[in-house]
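Chain letters run A, B, ... following the sequence lines, proteins first and then strands; every chain starts at 1.
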Amino acid sequence: MNWNDCQSYIKINPPKEFNFEECLVYLGRSNQEVLHEIKEGSLYKLIKVNERLILFKLEYINHYIKVEFLNDIPNKNDREEVAKYIWEWFDLNTNLNEFYALANHENLLKGITHKYYGLRMISIHDLFETIVWAILGQQINLTFAYTLKRRIVERYGESLIINGDTYWLFPSYEEIAILNVDDLRQLQITMKKAEYIIGIAKAMKTGELSKEIIVEQQDYQEVKKSLIQFRGIGAWTADYVMMKCLHYTNSFPIADVGLHNAIKQLLGYDRKPTIEELEELSARWEGWQGYATFYLWRSLYD
DNA sequence: ATCCAGGAACTGT
DNA sequence: ACAGTTCATGGA
């Protein structure tokens, strides 16, 4: 991690392969998003560090990310935690040169990696949030999924009001673990999904499921297998979680409808690609299937 | 109206 | 192992 602590604010020094604007396009893909806000090229987000709420504003200035604190100035230790958070949020540990080198020999990826150069995997720090978002999104349109997310956040999440603007935190698994299925049913979440979500929350509360435990196994197949053991997590969700939360650049939600639509559009098909075609197309993406998928998703927002 | 949506579990073979 | 069915509701 490369950063400077200027006490009243901090500077993050990202690698060369970083484009803040491109990341903002992805983060701004839905106007229903409640967990961050984009205004005039700046990104606002509320997080919780060591039980303290921290609201910050990100801007890209002179090749660094400036992080301004909008409520209290965190102490030295918490400022470092914020820096770590942002470093992980934009997946700044990953060296994209290898991906770009590989993409240059790929018909499907060559164009979009140049077009969206510097786009990083926008990750979700919280494992519970990632899994819930994936479950909510299963088999429904994205607009409705955002509506459900907004309802669960505004009903069960913490918030901070500054200058009349409300900033939200995703609810913790502790808060959801004590709910009944009916509580979530009231938000129009289906019974099955409500069961899945509460089950995941309970598994996290007992410590049976956590980022630490899952990642301990390291191996892609092992991690995926252990995720799938939980009800509500199938192959697609496991890959989604490994991609968006656990930073596995080789995770590949091959059945993803967004991925299919992106490929259909880029290749000018009048139908979605078959699984066989996807396997053939992705044969040379080894190690970078997650980034390939993410760049393909980005191509849907032009 | 009708189809389908960033799937997963369940059932029957 | 594999295919078909059910869940559930809104968006286009």
Side-chain angles (χ1 to χ4, degrees), chain A residues 25-35 108 112 116 119 121-124 127 129-152 155 170 180-203 209 221 224-246 248 251-266 269-279 281-282 285 289-302:
Chain A
V25 171
Y26 183 80
L27 284 161
R29 68 197 181 284
S30 169
N31 52 18
Q32 293 198 83
E33 181 58 64
V34 282
L35 297 179
L108 200 55
I112 56 177
Y116 312 128
L119 171 65
M121 173 72 65
I122 306 300
S123 64
I124 303 173
L127 176 64
E129 177 189 336
T130 314
I131 296 174
V132 171
W133 174 234
I135 290 173
L136 286 179
Q138 288 166 5
Q139 194 56 19
I140 60 172
N141 64 74
L142 263 182
T143 310
F144 184 45
Y146 274 107
T147 301
L148 294 176
K149 179 168 103 168
R150 184 169 48 70
R151 287 179 187 162
I152 196 170
R155 181 76 178 77
F170 195 80
N180 304 318
V181 170
D182 285 342
D183 296 322
L184 294 182
R185 280 290 294 147
Q186 286 175 16
L187 308 180
Q188 307 300 122
I189 294 169
T190 63
M191 177 135 62
K192 286 270 177 67
K193 288 186 180 180
E195 289 171 6
Y196 300 160
I197 289 168
I198 293 169
I200 295 291
K202 285 181 172 166
L209 173 60
Q221 291 298 346
K224 185 170 175 177
K225 200 187 300 176
S226 60
L227 281 170
I228 287 174
Q229 285 174 345
F230 295 91
R231 278 189 85 232
I233 301 183
W236 176 84
T237 300
D239 271 311
Y240 180 86
V241 168
M242 293 179 71
M243 174 179 162
K244 289 281 287 180
C245 182
L246 305 178
Y248 281 77
S251 62
F252 192 28
I254 193 166
D256 181 75
V257 176
L259 173 72
H260 301 173
N261 286 333
I263 291 173
K264 174 187 170 187
Q265 199 172 85
L266 281 173
Y269 285 10
D270 57 357
R271 57 168 179 80
K272 283 181 275 190
T274 65
I275 293 296
E276 292 73 32
E277 287 172 323
L278 282 158
E279 279 167 352
L281 283 165
S282 63
W285 301 353
Q289 296 91 331
Y291 257 92
T293 301
F294 195 68
Y295 270 65
L296 287 162
W297 284 350
R298 168 64 185 84
S299 74
L300 291 168
Y301 302 120
D302 279 338

Practice problem: Using whole Å, report how far CG of L148(A) lies from C1' of dA8(C). | Solution: 11 Å
Self-check item: All side-chain contact (heavy atoms from CB on, under 4.5 Å) counterparts of T130(A), not counting sequence neighbours
Solution: I124(A), Y240(A), V241(A), K244(A), C245(A)
Self-check item: Beyond-backbone contact of F294(A) with I122(A), side-chain heavy atoms, under 4.5 angstrom
Solution: yes
Quiz item: For K193(A), what residues pass the side-chain hydrogen bond (donor to acceptor under 3.5 Å, both in side chains) criterion, not counting sequence neighbours?
Solution: none
Practice problem: Tell me yes or no: between the side chains of Q32(A) and T143(A), is some donor less than 3.5 Å from an acceptor? | Solution: no
Quiz item: Does K193(A) place a side-chain N or O at less than 4.0 Å from the phosphate oxygens OP1/OP2 of dT6(C)?
Solution: no
Exercise. Return the value, rounded to whole Å, for the distance between atom CG of L227(A) and atom P of dG7(B).
Key: 17 Å
Practice problem: Flag the pair W285(A) / F252(A) as yes when at least one side-chain heavy-atom distance between them is below 4.5 Å, and no otherwise. | Solution: yes
Practice problem: For R29(A), answer base if it contacts any base atom (sugar-phosphate contacts may also be present), sugar-phosphate if it contacts only those atoms, and nothing otherwise; contact means non-hydrogen atoms under 4.0 Å. | Solution: base
Quiz item: Could you give the CG-to-P distance, from D239(A) to dG7(B), as a whole number of Å?
Solution: 13 Å
Self-check item: Backbone of R298(A) reached by a side-chain donor or acceptor of Y26(A) within 3.5 Å
Solution: no
Self-check item: d(CD1, I200(A); P, dA8(B)) in whole Å
Solution: 12 Å
Quiz item: How long is the line joining CH2 of W133(A) and C1' of dG7(B), in whole Å?
Solution: 14 Å
Quiz item: Quick one: the side chain of Q138(A) and the base of dA8(B), do they pair up donor-acceptor inside 3.5 Å?
Solution: no
Practice problem: Taking H260(A) for its side chain and T274(A) for its backbone only, find out whether a donor-acceptor pair lies under 3.5 Å. | Solution: no
Practice problem: Would you mind reading off the distance between Q139(A) atom CD and dC4(B) atom C1', rounded to a whole angstrom? | Solution: 7 Å
Practice problem: Would you indicate what K244(A) reaches in the nucleic acid, counting non-hydrogen atoms under 4.0 angstrom: base, sugar-phosphate, or nothing? | Solution: nothing
Quiz item: Contact class for A235(A) vs. all strands (heavy atom < 4.0 Å): base, sugar-phosphate, or nothing?
Solution: sugar-phosphate
Quiz item: F252(A) near the nucleic acid: base, sugar-phosphate alone, or nothing, with a heavy-atom cut-off under 4.0 Å?
Solution: nothing
Self-check item: N/O donor-acceptor pair under 3.5 Å between D183(A) side chain and N180(A) backbone
Solution: yes
Self-check item: side-chain contact (heavy atoms from CB on, under 4.5 Å) partners of D182(A), counting only residues at least two apart
Solution: R185(A)
Practice problem: Tell me whether the OP1 or OP2 atom of dT9(C) has a side-chain N or O from R151(A) closer than 4.0 Å. | Solution: no
Quiz item: Whole Å only: how far is the CG atom of N261(A) from the C1' atom of dC4(B)?
Solution: 11 Å
Quiz item: Looking only at atom P, what distance separates dT11(B) and dA8(C), rounded to whole Å?
Solution: 14 Å
For nucleotides 10-12 of chain C, list the nitrogen or oxygen atoms of the protein found under 3.5 Å from its nitrogen or oxygen atoms, one pair per line.
unit_1, atom_1, unit_2, atom_2, d
dG10(C), N3, N141(A), ND2, 3.3
dG11(C), O4', N141(A), ND2, 3.0

Enumerate the protein-to-nucleotides 9-13 of chain B contacts in which both atoms are nitrogen or oxygen and the separation is below 3.5 Å.
unit_1, atom_1, unit_2, atom_2, d
dA9(B), OP1, G232(A), N, 2.6
dC10(B), OP1, R231(A), NH2, 3.4

Quiz item: Rounded to the nearest Å, what distance is computed from the CD1 atom of residue I189(A) to the P atom of nucleotide dA8(C)?
Solution: 12 Å
Quiz item: D256(A): what forms a side-chain contact (heavy atoms from CB on, under 4.5 Å) with it, not counting sequence neighbours?
Solution: W236(A), P253(A), L259(A), W297(A)
